[in-house]
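What follows is a set of notes on a single structure, which appears directly below.
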Protein chains: 2
Amino acid sequence: MAREMLRQGGRSARIQEAVHRTVQELLKNMDRGEITVPMIADKSGVTPSTIYRRWGDLSELLADVAVDRMRPVADPEDTGAMTSDFEAFILQYAEEMSSRVGRALLADVLGSLEGNAPVKCCQYTYHHLETLRERASARGETPFDLGEAVDFVVAPIVYHILFGDRELTPDYCRALVARFFGK
Amino acid sequence: MAREMLRQGGRSARIQEAVHRTVQELLKNMDRGEITVPMIADKSGVTPSTIYRRWGDLSELLADVAVDRMRPVADPEDTGAMTSDFEAFILQYAEEMSSRVGRALLADVLGSLEGNAPVKCCQYTYHHLETLRERASARGETPFDLGEAVDFVVAPIVYHILFGDRELTPDYCRALVARFFGK
């Protein structure tokens, strides 16, 4: 029984890897709207029903692939003080998320309704902010409030990226940060 | 030439109406992930290429239909004072957008990258906020700042709806409003 579960796990992981890789390959050469589940299945060497069973539908699969690509590769830069750490992180976050690639990843993550891609996506942000808070504490600084940082700095940035209602300049991002720290 | 353009316009409007109606009918009975362009074309009596030419792809069409359904039907309630008008509007906005229907519409609007559905969607919000501001001015109240209302009240609400990282209680929404008005 244990061995069966392990084998299943191994097979399951291989399927996930093959399907994710296929989706990423397809996205390099075509629009999301042109990609279909049968096409992904064929190139991954699995059946369409395997994909439907595992991911529900194409939008869940695209969300899963997108959030996987958003996984952070490094901690935020350590600039020596909390407010400058925070500003550097926010400027980088805004730049990455507002790029063509960032907007496509966000659209894929938020285009799904059933899966947990959106929660996973924002947990990466929470994790980085928590790192900045811990660093501040270790320096003897009073750390900022995590929830307020999301509400008053991260959320407006994400809103403007998603809805395209205003340009996201570094000056605007810096003003959000300055206001957050009461400067 | 003028007649030709008018006829085109009429035909174009009829196609738009038929396709929108078909998508809305289909969405009542099946998941978005099951809906395809050929299916919509068949039920609307148009060719798939008509749909691709006009909307680009399925996600743009779904975004277009969703934003059309989000078009406001009435002005925000007039409660007699700016802060209570604002709070009433925000509570209703949060309730509608966090409902199952609201989240599905937001996912459709934001799942598109090319069209103008996201901008149209947030213009509805801006329009309502502008109505509240004009009403405040007419009463002799100092109107709130539109951009700040979006940044510090609307954006956090939308963020939490989209990413599912915290429950959106009326108390939380009221606290955002109170903080915005410096109470």
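Just so we're on the same page: letters track the sequence lines, and every chain starts at 1.
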Checklist outcome for this item: If one checks every heavy atom of A:Thr36 against chain B at 4.5 Å, the contacting part turns out to be neither

Item to check | Proximity of residues 57-68 of chain A to chain B, residues having a non-hydrogen atom under 4.5 angstrom | outcome: A:Asp57, A:Ser59

Item to check | Residue-level contacts of residues 140-165 of chain B with chain A, using a heavy-atom cutoff under 4.5 Å | outcome: B:Glu148, B:Val150, B:Asp151, B:Phe152, B:Val154, B:Ala155, B:Pro156, B:Val158, B:Tyr159, B:His160, B:Leu162, B:Phe163, B:Gly164, B:Asp165

Item to check | Close contacts, residues 43-50 of chain B versus chain A, judged by heavy atoms under 4.5 Å | outcome: none

Checklist entry - More than 12 non-hydrogen atoms from neighbouring residues, nucleotides or ligands closer than 6.0 Å to CD on B:Glu95, yes or no? => result no

Next on the checklist: Are B:Met39 and B:Ile15 connected into the same hydrophobic cluster when the rule is that any two of I, L, V, M, F, W, Y join if their side-chain heavy atoms are below 4.5 Å apart?
Outcome noted: yes

Next on the checklist: Using the rule that Ile, Leu, Val, Met, Phe, Trp and Tyr join whenever any side-chain heavy atoms are under 4.5 Å apart, tell me whether B:Ile51 and B:Leu27 fall into a single cluster.
Outcome noted: yes

Checklist entry - Shared ILVMFWY cluster between A:Tyr93 and A:Val101, side chains joined below 4.5 angstrom? => result yes

Checklist entry - Can you say whether B:Tyr52 sits under 4.5 Å from chain A via the side chain, the backbone, both, or neither, judging by heavy atoms? => result neither

Checklist entry - Going through the checks in order, is the salt bridge (Lys or Arg N to Asp or Glu O under 4.0 Å) test met by A:Glu114 and B:Arg100? => result CA-CA 11 Å; A:Glu114 301 302 336; B:Arg100 174 83 199 164; 2.8 Å; yes

Next on the checklist: So, using salt bridge (charged side-chain N to carboxylate O under 4.0 Å, His left out) as the criterion, who are the partners of B:Glu87 when residues are at least two apart?
Outcome noted: B:Arg174

Checklist entry - CD of A:Gln92: more than 12 outside heavy atoms within 6.0 angstrom? => result no

Next on the checklist: Assigning hydrophobic clusters by single linkage (Ile, Leu, Val, Met, Phe, Trp, Tyr; side-chain heavy-atom cutoff under 4.5 Å), is B:Leu106 placed with B:Leu91?
Outcome noted: no

Next on the checklist: Would a single hydrophobic cluster contain both A:Val119 and A:Tyr126, if residues Ile, Leu, Val, Met, Phe, Trp and Tyr are joined by side-chain heavy-atom contacts under 4.5 Å?
Outcome noted: no

